[in-house]
Amino acid sequence: MSTHASPRGRAATIQDVARVAGVSRAAVSKVLRDAYGVSDDMRERVRTAIEQLDYRPRVAARAMRGSSFTIGIQIPQVENEFFSQIVSGAIAGMEGTGYQLIAAHVSSLARASEAIESLADRQVDGIVVIAPLLAPGWLENLALSMPVVMIGRHAEAEEYDAVTGRDSAGTDLVMDHLLTLGHTLITHLTVSPELMTGATDPHMRRLERYRERMAAAGLAEHVLLTGIDEEAAYATTRQLISSDDRPRALFAGNDTLAMGALRAAAEADLPPERLSIVGYDGIAVAAHSRVMLTTVNQHGFELGANAIRLMIERIEGRREPRRVDLLPTLEVRHSTAPPLW
């Protein structure tokens, strides 16, 4: 038997790994999460110790420290109402469980890992992540040391769970609606590729399906890229409206972008017959009598509640990955109408 075995044959703990590797427990945690700032030497020592001890981090960590009865959630944009719906659903899903929610917001999409690591450093029992701009492998590594549930992205994961909306189906709802109204000049307003997470990103799924539907209808696609917030969408739509190839309908990648587009259309005195606008998310303000935005409701509250349900199952010992796909619905309001030619 190895001299580095854990005492009395019990399962190895993170403290055992730290002792054998000659580093701190925090350093082992950082290696497990593939955190920034870990030297190659430290990483090798910790990985060697893990192999010697046959350490199983996800099983051992909770047994060693007990439950903190806290679950972390990473929020990409605090000003985005859709993410507030997800948080509300998560809080409701915790009712009666004894767990509390700790939120960490992202100052920029490129710094998602910092927000997630800050939650891990607080020793939460698990982390819910909302479509972060991170490589799938990074999240797989994190999920080796604690339960992780991803909301939004369509990645096939081995170590964590996922809750997603059916973005292709939601896009079909939009396209069916606009085509039935008689629209043929349809622009898709979406975020720039550097703000997406590749093929697994919900915005990318909507973009790809839009292109497929336009091609199937024999129509020319028109994709317009913008920033992530309402102001960027407003400025981009203003430029579009003043151009020679102004569309008669605009499908925005989310409701935040749609709100910016609505404001630009209102300032240009363009009614829905001149420029129909559809959003995606189903935020509450879309139903306001001064807004009345046609939008795809992807049920953010249910996304959050389902994420917590899966998280608690993970905390209680489930190991195999699970996925929940929610079917969106279209809410038709006054921002869309048949085009006037």
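Computation of the quantities below employed the complete heavy-atom set of this structure, encompassing side-chain atoms and omitting hydrogens, waters and symmetry-equivalent molecules. In this text, all values refer to a predicted model and were calculated from it rather than measured experimentally.
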When hydrophobic residues are tied together by side-chain contacts of less than 4.5 Å, even through go-betweens, does L173 share a cluster with L327? no

List the residues meeting salt bridge (charged side-chain N to carboxylate O under 4.0 Å, His left out) with E320, not counting sequence neighbours, and say none if there are none. R322

Is E212 paired with R209 through a side-chain N to carboxylate O contact shorter than 4.0 Å? yes

Any pair counted as salt bridge (charged side-chain N to carboxylate O under 4.0 Å, His left out), so long as it reaches residues 228-249, sequence neighbours left out: E230-R263, E231-R263

With rounding to the nearest 0.5 angstrom, report the CD1 to CE distance, I127 to M150. 12.0 Å

Restricting to pairs with a member in residues 83-92, which pass salt bridge (charged side-chain N to carboxylate O under 4.0 Å, His left out), not counting sequence neighbours? none

Under the 3.5 angstrom rule, does the side chain of T190 hit a backbone N or O of G253 as a donor-acceptor pair? no

How close do A252 and H188 get, heavy atom to heavy atom, and via which atoms? C-CE1, 4.4 Å

Quick one: does any side-chain atom of T187 pair with a main-chain N or O of P247 as donor and acceptor, under 3.5 Å? no

Any donor-acceptor pair under 3.5 Å from D161 side chain to R323 backbone: no

How many angstroms lie between CD in E221 and CZ in R211, if you round to the nearest 0.5 Å? 4.5 Å

Is the side chain of T236 donor-acceptor paired with the backbone N or O of A233 at a distance under 3.5 Å, no angle test? no

Here the pair of heavy atoms bringing L189 nearest to L257 is O-CD1, 3.8 Å

I'd like to know if the side chain of H154 pairs up with that of D167 as donor and acceptor (distance under 3.5 Å, no hydrogens or angles considered). yes

Output for pair (H183 NE2, F251 CZ), nearest 0.5 Å, gives 14.0 Å

Do L179 and L275 belong to the same hydrophobic cluster, where Ile, Leu, Val, Met, Phe, Trp and Tyr are linked whenever their side-chain heavy atoms lie under 4.5 Å apart, directly or via other members? yes

Between T171 and R205, is there a side-chain heavy-atom distance shorter than 4.5 Å? no

Taking every non-hydrogen atom, the tightest pair across I151 and A307: CD1-CB, 3.6 Å

side-chain hydrogen bond (donor to acceptor under 3.5 Å, both in side chains): pairs with one or both residues in residues 281-291, sequence neighbours excluded: D281-Q298

Minimum heavy-atom distance R206-N254, with the two atoms named: NH1-CB, 4.5 Å

Same apolar cluster (I L V M F W Y, side chains within < 4.5 Å links), L225/Y234: no

Just jot down the side-chain hydrogen bond (donor to acceptor under 3.5 Å, both in side chains) partners of R333, sequence neighbours excluded, or say none. E331

Could you check whether D201 pairs with R153 (Lys NZ or Arg NE/NH1/NH2 to Asp/Glu carboxylate O, under 4.0 Å)? no

Pair I186, L250 - check side chain to side chain contact (heavy atoms under 4.5 Å, CB included), show working. CA-CA 6 Å; I186 305 171; L250 189 148; over 6 Å; no

H222 backbone acceptor or donor facing Y210 side chain under 3.5 Å: yes

Measuring only between side-chain heavy atoms, which start at C-beta, is L326 closer than 4.5 Å to T164? no

Would a distance-only check, ignoring hydrogens and angles, find a side-chain to backbone donor-acceptor pair under 3.5 Å from R122 to G72? no

With sequence neighbours excluded, give me every salt bridge (charged side-chain N to carboxylate O under 4.0 Å, His left out) pair touching residues 134-144. none

For M94 and I71 the tightest heavy-atom approach is CE-CB, 3.5 Å

What's the spacing between Q77 CD and F82 CZ if we round to 0.5 Å? 11.5 Å

With side chain to side chain contact (heavy atoms under 4.5 Å, CB included) as the criterion, how do L262 and L293 come out once you've worked through the C-alpha distance, each side chain's angles and the decisive distance to 0.1 Å? CA-CA 8 Å; L262 279 175; L293 172 68; 3.9 Å; yes

Partners passing side-chain hydrogen bond (donor to acceptor under 3.5 Å, both in side chains) against E95 (at least two apart in sequence or in another chain): none

Under the salt bridge (charged side-chain N to carboxylate O under 4.0 Å, His left out) definition, can you give me all pairs with a residue in residues 295-309, not counting sequence neighbours? R309-E313

Is the side chain of S145 donor-acceptor paired with the backbone N or O of L142 at a distance under 3.5 Å, no angle test? yes

Run the side chain to side chain contact (heavy atoms under 4.5 Å, CB included) test on Y160 and L139 for me, step by step, so that the C-alpha distance in whole Å, both residues' side-chain angles and the decisive distance to 0.1 Å come before the verdict. CA-CA 8 Å; Y160 59 86; L139 287 172; 3.7 Å; yes

Only counting residues at least two apart or in another chain, list the ones meeting side-chain hydrogen bond (donor to acceptor under 3.5 Å, both in side chains) with R274. none

Within a strict 4.5 Å, meaning less than it, do heavy atoms of the M292 and V332 side chains meet? no

Sorted by chain and residue number, the salt bridge (charged side-chain N to carboxylate O under 4.0 Å, His left out) partners of E208 (sequence neighbours excluded) come out as none

Scanning both residues in full, the closest heavy-atom pair of T256 with I228 reads CG2-O, 4.1 Å

Got a sec, which residues hit salt bridge (charged side-chain N to carboxylate O under 4.0 Å, His left out) with D269, two or more places apart in sequence or on another chain? none

Any side-chain heavy atom of T336 within less than 4.5 Å of one from I277? no

I want to check something: taking the side chain as every heavy atom from C-beta on, are N141 and L144 in contact at a cut-off of under 4.5 Å? yes

N/O donor-acceptor pair under 3.5 Å between D125 side chain and F69 backbone: yes

Roughly how far apart are L133 CG and W138 CH2, rounded to 0.5 Å? 12.0 Å

Check step by step if side chain to side chain contact (heavy atoms under 4.5 Å, CB included) holds for V20 and Q52. CA-CA 9 Å; V20 171; Q52 290 174 348; 3.4 Å; yes

Same cluster or not: V148 versus I102, using hydrophobic residues (I, L, V, M, F, W, Y) connected whenever any side-chain heavy atoms lie under 4.5 Å apart? yes

Does a side chain donor of either D255 or T295 reach within less than 3.5 Å of an acceptor in the other side chain? yes

Using side-chain hydrogen bond (donor to acceptor under 3.5 Å, both in side chains) as the criterion, list what pairs up with R166, not counting sequence neighbours. none

Does D41 come within less than 4.0 Å of R45, counting only side-chain N to carboxylate O? yes

Check for a donor-acceptor pair, side chain of T97 on one end and backbone N or O of Y99 on the other, with a separation under 3.5 Å. yes

According to a 4.5 Å side-chain heavy-atom criterion applied to Ile, Leu, Val, Met, Phe, Trp and Tyr, with indirect links allowed, do F301 and L101 form part of one hydrophobic cluster? no

Value rounded to 0.5 Å, distance of CD in E117 from CG in D121: 7.0 Å

Are V17 and V46 side-chain neighbours, meaning at least one heavy-atom pair lies under 4.5 Å? yes

Donor-acceptor pair, side chain of S276 and main chain of A337, under 3.5 angstrom: yes

